[in-house]
Amino acid sequence: MATDSFSDAIREFEHDGETYKMADLTVLEEEGLCDLEKLPVSIRILLESVLRNADGDQIDADSIRAAASWEPDVPDAEVPFTVSRVVLQDLTGVPAVVDLAALRSAADRKGVDPTVVEPEVPCDLVIDHSVQVDHFGTSDAYEKNVEIEYERNEERYRAIKWAQQAFDEFNVVPPGTGIVHQVNLEHLGRVVHEREVDGEQWLVPDTLVGTDSHTPMIGGIGVVGWGVGGIEAEAALLGQPINMSLPEVVGVRLSGELPEGATATDLVLHITEKLRQVGVVDKFVEFFGPGVAELSVADRATISNMAPEQGSTISMFPVDEKTLEYLELTGRDEDHIDLVREYLEAQGLFGKQDPEFTEVVDFDLSEVEPSLAGHKKPHARIPMGDLDEHFPTLLEEEGVLPSGAAESDGGLVAEQTPSLDEKVPVELEDGTEIEIGHGDILVSAITSCTNTSNPSVMVAAGLLARNAAEQGLEVPEYVKTSLAPGSRVVTEYLERAELLDDLEELGYHVVGYGCTTCIGNAGPLPEPVEAAIDEHDLWTTSVLSGNRNFEARIHPKIKANYLASPPLVVAYGLAGRMDIDLEEEPIGTNDEGEPVFLEDIWPDTEEVRQTIHESVSPDMFEEKYSSIYDGDERWESLDAPTGEVYDWDPESTYIREPPFFQDFPLEEPGVDNVEGARALLTLGDTVTTDHISPAGPFSEDLPAGQWLKERGVEPYEFNTYGSRRGNHEVMMRGTFANVRIKNELLDGKEGGYTVHHPTGEETTVFEASERYREEETPLIVMAGEELGTGSSRDWAAKGTDLLGIRATIGKSYERIYRDNLIGMGVLPLQFEAGEGWEELGLEGDEHYSIEGLEDGLEPNAVLTVTAEDDDGETTEFDVTAQVDTPMAVEYVENGGVLHLVLRKLLQEETQ
């Protein structure tokens, strides 16, 4: 615990007859190190972690002083932050399990006790990202989807179940329970932990990192937590502090209250748009002001969930009376709630806060209006009344329709392309005939942790469905409807309010408890529909209550995707099309043939509140979470391996030992200059981790599909990239292979293709990388702004590494992708301001050298890149290594963070 210099800060705390130890922040204030009231809440929590974990080695007295030195003009200081727990979801969690298993295998091969590889902090893995919407619109859709989920993922689930028995403090929440963030908010989050450390009881603020970018949702109950890749999460699990530069903290002052008809989702979309404009990438965001008291904790959590879309690292609210009421509502123990209050009051962390911030942004809740976000960016807000103009204009901008189509029916761009008002007839497999066209909604999904954790919008959706059904409105047959609650509690209160039947009457049956549509698990569309989309270049749409709508994410055939509140998801599902102004145009006609408008079926705010009051209670949370780790009969009967070392199956196509730690040297490899590299890809702006990391389904003509077919796996058994994240052979073949990625080395062609420069031959990214590997040619990737924005996918970095890419060079980076590259030993380099590969006149076919590493790497080192074309002409430019801290440098020099951890463990055991 704390070093001798600050030993007085460790004191005893009495509560209800129990004696605990705590790291008392007020002692630091008494010693003149800081003024606590002026420090943002999040900084105080970081400071407590540093103070409590100071050991004189990795964390010393200087670390404490550095954390306490925060001020609005943030000093250049490094903070070693140690989290109290880690949360994983299964798509990113399975690779973590595989890596931990691989670390144990490596230790075993060196003759070291494999249990030296053991999580140092508690971990919960929630299986929620594997269920797909294969069946929908029927009462048995859930059971059928879960059955298929187990068939597809049985091998992965066995590996997870092995980890549960192999590692201490490693808990698994089985399939069919809920979405990781909602389970975290409703049950796992404690706000304050009671922990035993070396035989002593301690009180510890609840802090975490999670392998999903929406981990900051837990900030809705005042918990500091953010998303990291699996690589960084594994390091945290193994006791490594997260070394970070002191962040800027942006305060958002909320005032006013939401107007009638505006939902929490509308508020979130406004705030996301606003903070993207302000620019909060790599920053902490805290909300304060009189408007905070107007928001329920569920509303706060909805805002915090979309921190990645805002661009921030965290997005949190203070702990106040409403937080404690929420803890009570969700079934937390009364004594624990009292402990939370007393501990946080002792630390000055309870109730209204008004600290100093790097920047203050004012936001008036009363200005919020019904909105959606689209068509491919979650921060691109569109007022609901503008959609009828937005969509035709979008089609003109994309060249689908001729200029002027927004004012007229237009003509044909190509013979097979219909105008905006024309429909294409489609005959389904069962003989049903439908018609679809531009703007038609093919997927309408109530999904995602963003909204399903919030009773106000879920109840509103149910009430709207009831009102619509009473009017005789129906969802068009071509719309794929689904309801994926974030926890079983949602189903419980919808049933208690007698609203589930109303949703089901319109086709919104429960399809699963997990992250479905927003993660790309929307499931298939009918084959004739997909064929019609391709043949006629249709710009069909989806509407979902999720947080992500990037290109090709929802469904590879749907080109425009829109985020909306659950009641608006139902409303647009009923309308069946996106090019409609629901403020002025009817949503449909009733049984008498009269027009029905949105305002006719929109539920009253007071009715929503009353329904929640009557239907949501602590007993349902207590019941549903009482057996959270047990699972159903499928999970109980799953036969999983046992033992301390995983028994790798060389024939497996799901779980394979990765090459990272095989033939592992005990000596640090270090870094050196890069000579004669080639550019594997040159990319534009906002290339997301969806573009980089393998996600969603894939076909047999791609390298990953070819690898599986060679091993007897039929295309219908391919599953998704996400389900095969425990197999590096599949994942490296799918890296930079998204169907929408555009490699500027090629002329406008989309997909995972590139040029093998020595021959000029066009081929897949993976095949080119293999040829370069045989030729012993190092590789780089060049890009524009916001490289790696999006979800926290560790395979975006792992795949980059396995393809032989030594460095990436971009104009700017999303934090998680940048940190994951460092965690894999890949150098993230940044062009000088105003420069980029296009501005420098580079074609991408040059030979590249990176110099300045001959004496090692320093934090934020300026390196020189030389590009030489085939005529001997050279272009020289400087780049900055986006490696901010000495610890990050150490990761790169060791080939990655896990390599460093393993090297230290093995050296300690063999000395």
Side-chain angles (χ1 to χ4, degrees), residues 520 534 550-553 556-557 653 656 658-659 677-684 687-715 717-725 727-783 787-788 793 795-808 824 826 837 843-846 848:
D534 289 340
F550 299 130
E551 284 186 301
R553 183 182 182 99
K557 299 294 183 182
T653 59
R656 297 174 75 89
R678 290 287 199 167
L680 187 60
L681 303 99
T682 55
L683 305 167
V687 174
T688 72
T689 49
D690 279 15
H691 291 112
I692 303 168
S693 178
F698 53 95
S699 64
E700 60 186 297
D701 60 340
L702 294 177
Q706 293 167 2
W707 186 88
L708 289 172
K709 282 201 71 175
E710 290 169 2
R711 282 148 187 82
V713 180
E714 293 299 323
E717 298 176 304
F718 281 1
N719 209 333
T720 63
Y721 279 122
S723 69
R724 294 187 183 272
R725 285 187 177 182
N727 181 351
H728 64 281
E729 297 285 4
V730 168
M731 298 302 285
M732 64 190 290
R733 285 167 170 79
T735 304
F736 291 107
N738 183 287
V739 295
R740 291 285 178 265
I741 195 170
K742 294 179 181 178
N743 182 2
E744 303 295 341
L745 290 173
L746 305 172
D747 265 344
K749 184 171 184 175
E750 292 184 330
Y753 301 96
T754 191
V755 174
H756 177 247
H757 295 300
T759 63
E761 181 183 345
E762 182 181 312
T763 183
T764 66
V765 168
F766 173 75
E767 289 163 349
S769 74
E770 287 295 283
R771 291 171 69 174
Y772 284 125
R773 190 187 312 277
E774 293 170 3
E775 297 159 4
E776 298 184 348
T777 300
L779 299 172
I780 64 167
V781 168
M782 294 190 293
L787 178 58
R793 290 182 171 153
W795 267 107
K798 287 181 177 178
T800 300
D801 175 47
L802 289 179
L803 289 176
I805 297 166
R806 295 279 303 279
T808 59
M824 289 306 302
V826 178
W837 63 268
E843 299 292 335
D845 58 356
E846 299 88 355
Y848 294 87

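Side-chain atoms are counted along with the backbone in the values below, which use heavy atoms only and exclude waters and symmetry mates. Numbering starts at 1 and runs along the sequence shown.
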Go through it in stages, so that I can follow the logic: the residues are Glu729 and Arg724, the test is salt bridge (charged side-chain N to carboxylate O under 4.0 Å, His left out), and I'd like the CA-CA distance, side-chain angles, deciding distance and then a yes or no. CA-CA 9 Å; Glu729 297 285 4; Arg724 294 187 183 272; over 6 Å; no

With rounding to the nearest 0.5 angstrom, report the [atom1] to [atom2] distance, [X] to [Y].
| X | Y | atom1 | atom2 | value |
| --- | --- | --- | --- | --- |
| Glu767 | Glu770 | CD | CD | 9.0 Å |
| Thr682 | Glu744 | OG1 | CD | 6.0 Å |
| Ile805 | Leu681 | CD1 | CG | 6.5 Å |
| Arg678 | Asp845 | CZ | CG | 7.0 Å |
| Leu779 | Thr808 | CG | OG1 | 12.5 Å |

Checking the side chain of [X] only, and the main-chain atoms of [Y] only, is there a donor and an acceptor separated by less than 3.5 Å?
| X | Y | answer |
| --- | --- | --- |
| Asp690 | Arg553 | no |
| Arg733 | Phe766 | no |
| Arg725 | Tyr721 | no |
| Glu700 | Gly705 | no |
| Glu774 | Arg771 | no |

How far apart are the C-alpha atoms of Val739 and Glu750, what are their side-chain angles, what is the distance that settles it, and do they pass the side chain to side chain contact (heavy atoms under 4.5 Å, CB included) test? CA-CA 6 Å; Val739 295; Glu750 292 184 330; over 6 Å; no

Which atoms form the tightest heavy-atom contact between [X] and [Y], and what is the distance?
| X | Y | result |
| --- | --- | --- |
| Leu680 | Ala768 | CD1-CB, 4.1 Å |
| Ala679 | Tyr848 | CB-CE1, 4.1 Å |
| Thr720 | Ser723 | O-OG, 2.7 Å |
| Met782 | Gly844 | CE-CA, 4.2 Å |
| Thr764 | Pro703 | OG1-CG, 3.7 Å |
| Asn738 | Arg740 | OD1-N, 2.6 Å |

Give the intermediate values and the outcome of side chain to side chain contact (heavy atoms under 4.5 Å, CB included) for residues Thr735 and Ser693. CA-CA 5 Å; Thr735 304; Ser693 178; over 6 Å; no

Side chain proximity check, [X] to [Y], heavy atoms < 4.5 angstrom:
| X | Y | result |
| --- | --- | --- |
| Asn743 | Tyr753 | no |
| His728 | Arg656 | yes |
| Thr653 | Val730 | no |
| Glu843 | Trp837 | no |
| Leu702 | Trp707 | no |
| Thr800 | Ile692 | yes |
| Leu683 | Phe736 | yes |

Is the ring pair His757/Tyr772 parallel, tilted or perpendicular, if the boundaries are 30 and 60 degrees?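 The rings of His757 and Tyr772 sit tilted, inter-plane angle from 30° to 60°.
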
Starting from the C-alpha separation in whole Å, work towards a yes-or-no answer on side chain to side chain contact (heavy atoms under 4.5 Å, CB included) for Leu802 and Trp795. CA-CA 10 Å; Leu802 289 179; Trp795 267 107; 3.7 Å; yes

Count the heavy atoms belonging to other residues, nucleotides or ligands that lie under 6.0 Å from CD of Glu776, then report whether that count exceeds 12.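 Open.
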
Do the side chains of Glu762 and Lys749 get close enough for a salt bridge, i.e. N-O under 4.0 angstrom?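 A salt bridge is present here (some side-chain N lies under 4.0 Å from a carboxylate O).
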
Is it true that the side chains of His756 and Glu775 contain a donor and an acceptor less than 3.5 Å apart? yes

Between Leu746 and Val755, is the side chain to side chain contact (heavy atoms under 4.5 Å, CB included) condition met? List the steps. CA-CA 7 Å; Leu746 305 172; Val755 174; 3.5 Å; yes

